[in-house]
Number of protein chains: 2
Amino acid sequence: MSTRRFPVKDPIAHILWEGDRLLVLDQRLLPRRIKYVSCRTAEDVARATKDMVLRGAPLIGVAAAYGMALASRHGRRELERAGRTLLRARPTAVNLKHGIDAMLAAAEGVPEGRLPPAVENAARRFHREDIAGNQRMAVLGASLLKKDSRIITHCNAGALATAGLGTAVGVIRYAHHLGKVTHVYPCETRPYLQGSRLTLWELMQSRVPATLITDNMAAHLMKTGGIDAVIVGSDRIAANADVCNKIGTYGLAILARHHGIPFYVVAPTTTVDVATRDGSRIPIEERSGAEVLRIFGRPIAPRGARAHHFAFDVTPHQLVTAIVTERGVVRPADGRHLKRIAG
Amino acid sequence: MSTRRFPVKDPIAHILWEGDRLLVLDQRLLPRRIKYVSCRTAEDVARATKDMVLRGAPLIGVAAAYGMALASRHGRRELERAGRTLLRARPTAVNLKHGIDAMLAAAEGVPEGRLPPAVENAARRFHREDIAGNQRMAVLGASLLKKDSRIITHCNAGALATAGLGTAVGVIRYAHHLGKVTHVYPCETRPYLQGSRLTLWELMQSRVPATLITDNMAAHLMKTGGIDAVIVGSDRIAANADVCNKIGTYGLAILARHHGIPFYVVAPTTTVDVATRDGSRIPIEERSGAEVLRIFGRPIAPRGARAHHFAFDVTPHQLVTAIVTERGVVRPADGRHLKRIAG
């Protein structure tokens with residue numbers, strides 16, 4: 001695909017369509033183990049999504065599209081059922097819905113016997129568009145950064161979160177390729193540690209100078225470390241440009257504002273949910289507290305302890321300096337400008 | 001000691017003076033294992049402090065006082081040498097210096113042969129004062145809270161951090177005893193997880209309703225969870241009332257201010273360092289990045305990864321609503337009011 005011509009490349013093949021099955025890299029085991037999970041049905045894709053074998057809003061959308069392609073072999077009724085199953089896998093990322101809806105649209109009016117190639121082609125196209133979109137965001141986002149930037153990022157909005165080179169990390173890596181980035185600080189991102197396990201790994205693979213910080217070090221680093229920008233991805237952007245993203249993002253946005261540091265969100269327009277008026281209407285997935293109380297299966301708290309596990313939070317658009325999409329930069333980040341670019 | 005008459009008690013014996021040795025509970029193993037480390041020399045106490053067998057600024061001060069008592073048996077020269085060794089064990093907490101200085105003062109003018117009982121008595125007194133101070137802070141701090149308070153705390157400013165019932169957690173537990181606290185949210189406090197391992201454990205022991213959160217959930221909880229106060233301890237307070245405390249405290253203070261939530265610091269006057277003009281002059285201990293890159297010895301990041309490990313940060317006094325000391329409440333938290341109470 002067109003990534004071959006782009007100067008920054010995906011560090012690992014993490015989603016592979018093989019015609020009759022989808023192979024997805026098990027991101028829960030990274031960086032210590034490289035293992036693929038084979039999905040032969042839409043249900044397999046839904047389970048892998050729910051169990052976080054794969055994660056990252058854009059990647060979830062692409063995987064769902066291929067899940068629909070697998071379901072289309074069993075006829076239109078199965079396709080529609082698969083759409084409902086996949087949609088339930090994770091409630092927050094809207095790209096999932098976009099992927100499913102695009103496949104249903106591609107299937108419309110197609111004779112039953114022609115469904116499989118029609119949906120498969122649509123899934124491949126959805127996949128290619130994600131890759132190309134990542135490259136356009138990388139170019140647009142890098143243009144916002146000044147020379148010798150020191151950057152904080154959160155969670156993994158990298159290659160592993162998309163089908164291409166990533167959203168926030170795509171911008172960072174391309175800006176580094178241009179000589180504009182001197183250092184990156186990924187927040188480790190408890191409880192899943194996507195920052196230490198995935199983002200740091202991607203940055204090290206591509207030789208971008210990077211130093212891990214715990215989530216609670218960001219404020220101190222902003223005060224003392226000459227941070228020039230915070231760059232994150234998004235799981236859903238409401239019509240008014242409020243940004244839903246991995247838990248911790250909202251706090252980083254407040255800290256960035258307090259220190260006068262620009263806060264950029266990088267996300268494809270498939271992340272925009274025009275049907276959701278503002279951030280308060282985005283459902284925040286609450287996962288099991290057990291995922292907080294154990295690290296790699298080992299308890300970190302007393303027996304019988306309770307924990308919250310909000311998976312996401314919402315950053316009001318007033319705290320966002322700009323949203324970088326593949327169609328252009330939304331700045332200021334508000335409903336009017338968002339509609340002009342992504343509407 | 002006088003804790004027996006106070007309605008809230010220390011949940012576990014964690015520092016035991018046995019006349020010829022100091023037993024300290026190994027807090028690194030909590031809550032899974034109860035194991036004591038025996039210190040027979042000042043060097044043993046210094047090593048236990050450096051290796052974080054014990055932690056918490058007030059407790060470090062009390063342990064150092066007993067370390068001095070052990071050294072006093074070998075004469076004045078050894079006592080003075082022990083003071084220098086203990087002082088180097090951890091650079092940030094000023095209580096350490098207070099404990100050492102108080103013992104040196106008690107030794108002044110005492111004949112060589114009378115040194116051991118003089119210093120031991122001074123250490124016991126320093127210990128008792130910490131216990132009594134905790135109780136006074138608990139009463140003063142609880143009076144600041146409104147009914148049905150929901151509280152966020154950070155790290156462990158509890159019984160385990162002091163010789164008594166704690167500073168911030170002492171306030172919380174006493175306020176809960178008075179029926180003023182409905183729920184407590186300890187931040188887990190990476191990298192050492194003092195919040196999940198120690199504070200949550202103390203709260204559960206004393207049946208205070210508590211739910212653990214990861215450090216990066218605090219902002220979302222402040223926005224959505226009806227939080228009424230943030231209460232933390234301190235490792236050193238500068239003359240202008242800037243507060244040095246466990247990494248993550250500064251970020252919480254910014255988030256509290258953004259949400260209009262009061263931010264209280266609870267610390268004995270031994271935490272105040274009048275010789276340090278402002279927070280920028282407090283040395284911030286940087287510990288090994290390896291302590292961030294591994295959890296219970298298991299790597300969470302790629303081989304060869306780098307990490308920062310700032311152990312503390314500084315919260316400017318402008319973000320602090322009030323400082324609760326055993327001598328009174330410093331409010332507003334500035335140099336003038338601090339001097340009036342702790343000067």
Side-chain angles (χ1 to χ4, degrees), chain A residues 30-32 154 185 187-191 193 195-197 200-201 204-205 209-225 246-255 257-259 284 289 292-293 295-296 298-310 312-314, chain B residues 30-32 154 185 187-191 193 195-197 200-201 204-205 209-225 246-255 257-259 284 289 292-293 295-296 298-310 312-314:
Chain A
L30 285 178
R32 296 280 148 181
H154 191 61
Y185 301 91
C187 296
E188 65 176 7
T189 319
R190 283 278 294 144
L193 298 167
S196 47
R197 293 190 301 106
L200 184 62
W201 179 78
M204 287 171 70
Q205 291 281 316
T211 303
L212 183 68
I213 57 170
T214 57
D215 299 309
N216 58 20
M217 289 179 194
H220 177 72
L221 199 63
M222 288 185 194
K223 185 164 73 169
T224 62
K246 181 53 55 192
I247 187 74
T249 304
Y250 170 51
L252 281 176
I254 296 168
L255 300 179
R257 173 60 52 94
H258 183 86
H259 293 92
I284 299 293
V292 167
L293 295 166
I295 298 181
F296 298 132
R298 190 164 164 179
I300 60 159
R303 219 178 298 274
R306 281 182 299 176
H308 274 309
H309 184 177
F310 310 110
F312 302 94
D313 59 26
V314 171
Chain B
L30 284 177
R32 296 282 147 178
H154 190 61
Y185 302 91
C187 296
E188 66 176 6
T189 319
R190 283 277 293 142
L193 300 166
S196 47
R197 293 190 301 107
L200 184 61
W201 180 78
M204 287 171 70
Q205 291 281 317
T211 304
L212 183 68
I213 58 170
T214 57
D215 300 308
N216 58 21
M217 289 178 192
H220 178 72
L221 200 64
M222 288 185 195
K223 186 164 73 170
T224 63
K246 180 55 54 193
I247 189 74
T249 303
Y250 170 51
L252 281 176
I254 296 168
L255 300 178
R257 172 60 53 94
H258 183 87
H259 293 92
I284 299 293
V292 167
L293 295 167
I295 298 180
F296 299 131
R298 190 164 164 178
I300 61 158
R303 219 178 297 274
R306 282 182 298 179
H308 274 308
H309 185 178
F310 311 110
F312 302 94
D313 59 26
V314 171

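- No donor-acceptor distance shorter than 3.5 angstrom exists from the side chain of A:R306 to the backbone of B:T211, with no hydrogens or angles considered.
- Note: B:G248 leads B:G304, B:A253, B:G248 in heavy-atom pairs under 4.5 Å with chain A.
- For A:H309, the parts sitting under 4.5 Å from any heavy atom of chain B are the backbone and the side chain alike.
- Residue B:P31 touches chain A through its side chain alone, counting heavy-atom pairs closer than 4.5 Å.
- Under the side-chain hydrogen bond (donor to acceptor under 3.5 Å, both in side chains) criterion, B:T214 pairs with B:N216, sequence neighbours left out.
- At a 4.5 Å heavy-atom cutoff, B:R257 makes no contact with chain A through either its backbone or its side chain.
- Both the backbone and the side chain of B:M217 come within contact range of chain A, judged by heavy atoms closer than 4.5 Å.
- The parts of B:H308 that come within reach of chain A are both its backbone and its side chain, each placing non-hydrogen atoms under 4.5 angstrom from that chain.
- For A:A210, the part sitting under 4.5 Å from any heavy atom of chain B is the backbone (N, CA, C, O) and nothing else.
- For A:Y250 and B:H259, the ring centers sit closer than 6.0 Å to each other.
- Among the candidates B:D313, B:I247, B:I213, the residue making the largest number of heavy-atom pairs closer than 4.5 Å to chain A is B:I247.
- Only the side chain of A:L293 comes within contact range of chain B, with at least one heavy atom under 4.5 Å from a heavy atom of that chain.
- Interface remark: B:L252 contributes no atoms to any contact with chain A (heavy atom separation under 4.5 Å).
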